[in-house]
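Notes follow the structure.
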Amino acid sequence: MKTAPILVALILLAPPALAGSDHDRARQALRSGQVLPLAKILEKVAADVPGEVIETELEEEKGRFIYEIKLITPQGRVMKLIYDATDATLLKSREKEQK
């Protein structure tokens with residue numbers, strides 16, 4: 001799996017799903033160790049589902065941080081994976097429907 005280092009850095013520093021104080025809380029959670037770094041999550045993704053990561057987001061839902069990962073499988077399917085940001089547990093996975 002290839003991931004551009006700059007893209008990973010940008011995602012960690014400025015997750016698109018978080019803005020303002022949410023962004024600050026996410027950054028603080030990462031610095032304090034409340035959430036795992038994206039690199040650790042991507043290691044877990046590679047072990048769980050083969051494919052190429054095309055998008056990542058760090059979000060806070062109901063007081064809990066999650067990583068939302070989208071990838072393309074070797075068969076060309078788009079998968080959406082939801083991981084607990086604290087321990088890299090895969091919470092949900094689904095294949096996106098083809099249009």
Side-chain angles (χ1 to χ4, degrees):
M1 171 178 25
K2 298 178 185 174
T3 307
I6 293 174
L7 177 61
V8 171
L10 288 174
I11 290 167
L12 284 176
L13 295 176
L18 300 171
S21 63
D22 287 342
H23 173 84
D24 294 335
R25 276 198 312 267
R27 185 181 304 212
Q28 181 58 34
L30 180 63
R31 286 184 181 152
S32 69
Q34 291 176 296
V35 299
L36 294 172
L38 180 59
K40 291 286 185 190
I41 299 296
L42 293 177
E43 288 175 11
K44 182 78 163 82
V45 170
D48 291 345
V49 182
E52 184 174 341
V53 173
I54 57 174
E55 184 179 341
T56 63
E57 293 182 32
L58 175 61
E59 299 178 351
E60 186 175 9
E61 290 186 356
K62 300 177 185 174
R64 169 180 176 174
F65 284 103
I66 61 163
Y67 280 102
E68 182 178 298
I69 312 292
K70 290 183 186 170
L71 63 82
I72 298 177
T73 68
Q75 296 77 26
R77 297 184 189 113
V78 176
M79 297 287 299
K80 181 177 179 179
L81 309 167
I82 306 293
Y83 284 87
D84 185 307
T86 62
D87 63 8
T89 299
L90 178 61
L91 301 173
K92 187 188 315 183
S93 68
R94 70 178 172 96
E95 185 176 325
K96 301 274 286 184
E97 291 187 24
Q98 301 287 330
K99 292 185 179 182

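- The two residues Pro50 and Pro74 have their closest heavy-atom pair at O-CD, 3.4 Å.
- What you find for Ala29 and Ser32 is that their closest heavy atoms are O-OG, 3.3 Å.
- Annotation: the span from Ile82 atom CD1 to Glu57 atom CD amounts to 8.5 Å, rounded to 0.5 Å.
- Surrounding NZ of Lys40 are at most 12 heavy atoms belonging to other residues, nucleotides or ligands under 6.0 Å away.
- The nearest pair of heavy atoms linking Ser93 to Leu81 is CB-CD2, 3.3 Å.
- Rounding to the nearest 0.5 Å places NZ of Lys70 at 11.0 Å from OG1 of Thr56.
- Note: Glu61 CD to Glu68 CD = 7.5 Å, rounded to the nearest 0.5 Å.
- Checked by atom type and distance alone, the side chain of Tyr67 pairs as donor or acceptor with a backbone atom of Leu36 at under 3.5 Å.
- Between Lys80 and Lys96 the shortest heavy-atom distance is CB-CD, 4.3 Å.
- Partner Ile66 forms a side chain to side chain contact (heavy atoms under 4.5 Å, CB included) with one of Leu91, Asp84, Ile41, Leu58 and no other, that one being Leu91.
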